[in-house]
Amino acid sequence: MASVHSLASTVNQRVADALSAALPEAGAADPLLRRSDRADFQANGILALAKKAKANPRELATQVVAALPTGDDVIKDIEVSGPGFLNITVTDRAIISTLAARTADDRLGVPLADKPGTTVVDYAQPNVAKEMHVGHLRSAVIGAAMVEILEFTGEKVVRRHHIGDWGTQFGMLIQYLTEHPHELDHKHGGPEEGEAAMSSLNRLYKASRVLFDSDEDFKARSRDRVVALQAGDPETLALWQRFVDESKIYFYSVFNKLDMEINDADVVGESGYNAMLEETCQILEDSGVAVRSDGALCVFFDDVKGPDGNPSPLIVKKSNGGYGYAATDLSAIRDRVQNLGASTLVYVVDARQSLHFKMVFETARRAGWLNEDVHAVQLAFGTVLGKDGKPFKTREGETVRLVDLLDEAVDRATAVVREKAAKVGLTEQEIVENGRYVGIGAVKYADLSTSASRDYKFDLDQMVSLNGDTSVYLQYAYARIQSILRNAGERKAAAHPELELAPAERALCLHLDRFAETLAEVASAYEPHKLTAYLYQLASLYTTFYDQCPVVKPEPPLDIAENRLLLCDLTARTLHQGMALLGIRTPERL
């Protein structure tokens, strides 16, 4: 299908053509069009162009207005404001015609990127043999949303889950398992399999830790086991693989609760880069990017100093021959750029690791793995806080288990859905299903509606509230529109560009027109909170429209009803698409 233009792009082109006619020497000039409160749009580019051409900006603005075709079917009114701004109001006809084209397009007028690249998104990074807690939530939710948004714009996206599956603690775990071979046994299959796997892993981890701390002989055997693991001893590797497999059963059960798909092929843990580590170190040392310092292989930076004022290096290889996290991260960059053909690397990682990634990215730049054509960005996120504004903990001071938090959200949401269920006639199955969608949606939306870099308070009462900026409010708005469309009877959505729009209709239409540009902004800046803000405003404008502009009852004339049903339909589809990109379901009845 041919691309569907937004009002903004159509108006921009009209003003750009008039600018070129008024000031031919400027060539293809950008009017710098933006949305405006004073009119529908404002063009701000004339001041800079006038300055360049040594012309009077207000006079140039007047010439641009004169160069616009009269009786235009797009621009209703244009006035010169201040030193040379143009305030532009569009016709109701252009608004409805544009939105009618949008409704005929499966992509709702969102164009595919002109030059899509390949982006690797590194997100959802749990640790093998360890329970997932509230700290794992944000990486998974933000990363999954960015993957969907980038793919929707046409980008080729490679998902990567860099799980912690290597290191010295595995010597302790594997050694304990060889001496207690049935510790990981549990019942397989069924919905509780993930919890059973984690329960076995937890028990083994705690027992092996106690033994490691109290028994010197066991400690020595564990250290020998680390050497065997790193040397690739088949028996040791087979036992290590059991830990990875059991952990995956658990991880996948948690991600399933989060309504998130994680595929085996996308899980490439620290161990996946083992074979590259020595070569990475060799390349860095041979090129002079890394140097030996007290026996360790280090990279130094002028602007990174420790508390003592001395340079604080990135340690790639320790003096004892062991590899640091940096060696794995740099090898992952090499793999992603050279083998996966990535043009962009996005790391959805806690803000507290910002210094580490700043040094890793700079090292990769010095080595030539990152350059003008290939860049890396950390999508840094803040901490999940409790209502008291402190890091979220249980009453006992323990970190909150992620499954407990998700289960509570679903329970709370199910109670909210049940309250209204009789009115809508929901079955028990629908109540349970919708409770899950509303609860998980509430958790995701609360996370995504906060700018990623900021901390946010986890407040379930607020999250499942029917009022305010919550996913439940948006889900109910969507369900309400579906109800209206079901009750419209013989009347169908149809465009009537000849009609004059009421103020609430106009405001809703102009906001619907912004969907494509909002997604472009979100995708380029990695800011999903701007999509949640757009959707919340869309639902709010729809509520005002619904209150002021009857669609079914009281019954308006047929042409007005059809036009309004068109707006209802497009609003619902935009809400549905936008929420889907955030990983949130929109039930048809709620």
Side-chain angles (χ1 to χ4, degrees), residues 1-10 40 73-74 76 90-111 152 424 473-519 534-581 584-590:
M1 175 171 281
S3 64
V4 178
H5 295 292
S6 67
L7 275 169
S9 61
T10 305
D40 297 333
D73 60 348
V74 174
K76 178 183 179 183
V90 293
T91 64
D92 289 354
R93 174 177 288 280
I95 291 174
I96 291 298
S97 299
T98 301
L99 294 189
R102 282 267 308 279
T103 60
D105 177 25
D106 290 342
R107 293 182 51 81
L108 299 174
V110 178
F152 192 68
V424 192
Y473 176 68
L474 302 186
Q475 286 166 322
Y476 268 103
Y478 175 80
R480 176 196 276 173
I481 300 172
Q482 293 307 318
S483 172
I484 290 168
L485 295 174
R486 284 193 297 270
N487 293 328
E490 297 298 307
R491 300 181 166 215
K492 297 284 177 262
H496 287 275
E498 73 281 0
L499 290 175
E500 191 175 324
L501 295 173
E505 287 178 296
R506 228 173 174 280
L508 177 62
C509 290
L510 288 167
H511 192 69
L512 281 165
D513 185 60
R514 296 177 70 159
F515 187 51
E517 70 195 62
T518 300
L519 281 182
Y534 171 86
L535 295 171
Y536 173 59
Q537 198 179 347
L538 178 61
S540 303
L541 288 166
Y542 180 81
T543 301
T544 306
F545 158 79
Y546 178 75
D547 290 342
Q548 296 180 10
C549 304
V551 182
V552 179
K553 290 177 184 172
E555 205 168 281
L558 181 62
D559 55 353
I560 293 176
E562 288 181 339
N563 215 40
R564 288 176 180 171
L565 283 168
L566 179 89
L567 300 189
C568 290
D569 178 51
L570 187 54
T571 300
R573 286 173 59 198
T574 305
L575 280 171
H576 174 76
Q577 181 63 73
M579 294 286 265
L581 294 176
I584 300 172
R585 309 261 185 166
T586 40
E588 298 290 306
R589 299 187 334 135
L590 202 53

Worked verdict on Leu581 versus Leu519 for side chain to side chain contact (heavy atoms under 4.5 Å, CB included): CA-CA 10 Å; Leu581 294 176; Leu519 281 182; 3.8 Å; yes

Leu99 and Thr103: CA distance, side-chain angles, deciding distance, side chain to side chain contact (heavy atoms under 4.5 Å, CB included) verdict: CA-CA 6 Å; Leu99 294 189; Thr103 60; 5.6 Å; no

Working for side chain to side chain contact (heavy atoms under 4.5 Å, CB included), residues Gln482 and Arg589: CA-CA 7 Å; Gln482 293 307 318; Arg589 299 187 334 135; over 6 Å; no

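At distances below 3.5 Å, not a single donor-acceptor pair connects side-chain atoms of Arg506 with backbone N or O atoms of Asp92. At distances below 3.5 Å, not a single donor-acceptor pair connects side-chain atoms of Ser483 with backbone N or O atoms of Ala479. Put simply, the side chain of Arg514 never gets that close to the backbone of Ser6: no donor and acceptor are under 3.5 Å apart.
In terms of heavy-atom proximity, Val424 sits nearest to Leu590 at CG2-O, 3.4 Å. Heavy atoms only, all atoms of each residue included: Asp513 and Ala8 are closest at OD2-N, 3.4 Å. Across every non-hydrogen atom of Pro550 and Arg564, the tightest pair is O-NH1, 2.8 Å. What you find for Pro587 and Arg585 is that their closest heavy atoms are CD-O, 3.6 Å. Nearest heavy atom pair, residue Glu505 against residue Cys549, reads CG-SG, 3.8 Å.
With sequence neighbours excluded, the residues forming a salt bridge (charged side-chain N to carboxylate O under 4.0 Å, His left out) with Asp73 are Arg14, listed by chain and number. Residues that satisfy the salt bridge (charged side-chain N to carboxylate O under 4.0 Å, His left out) test with Arg102, not counting sequence neighbours, are absent from this structure.
Atom SG of Cys509 and atom CG of Leu566 lie 8.0 Å apart (nearest 0.5 Å). Note that CG of Leu7 and CD of Glu517 are 10.0 Å apart. Values are rounded to the nearest 0.5 Å. Annotation: the span from Asp106 atom CG to Gln577 atom CD amounts to 10.0 Å, rounded to 0.5 Å. How far CG of Leu570 is from CG of Leu108: 6.5 Å, rounded to the nearest 0.5 Å. The distance from atom CD1 of Ile560 to atom CG of Leu565, rounded to the nearest 0.5 Å, is 12.0 Å. Once rounded to the nearest 0.5 Å, the distance linking CZ of Arg93 with NZ of Lys76 reads 13.0 Å.
Atom CD of Glu498 sits in a crowded spot, with more than 12 heavy atoms from other residues, nucleotides or ligands closer than 6.0 Å.
At least one side-chain heavy atom of Ile584 sits under 4.5 Å from a side-chain heavy atom of Gln475. In this structure, the side chains of Ile96 and Leu567 come closer than 4.5 Å at one or more pairs of heavy atoms. By the 4.5 Å heavy-atom criterion applied to side chains, Thr571 and His511 are not counted as neighbours. Looking only at side-chain heavy atoms (C-beta outward), Asn487 and Lys553 stay at 4.5 Å or farther from each other. A 4.5 Å side-chain heavy-atom check between Leu510 and Ile95 finds at least one atom pair inside the cut-off.
Note: Tyr542 and Tyr546 have parallel aromatic rings, judged against thresholds of 30 and 60 degrees for the angle between ring planes. Ring orientation note: the planes of Phe515 and Tyr534 are tilted relative to one another, at an angle of 30° to 60°.
Identified under the ring pair (Phe, Tyr, Trp, His ring centres under 6.0 Å) test for residues 474-502, with sequence neighbours left out: Tyr478-His576.
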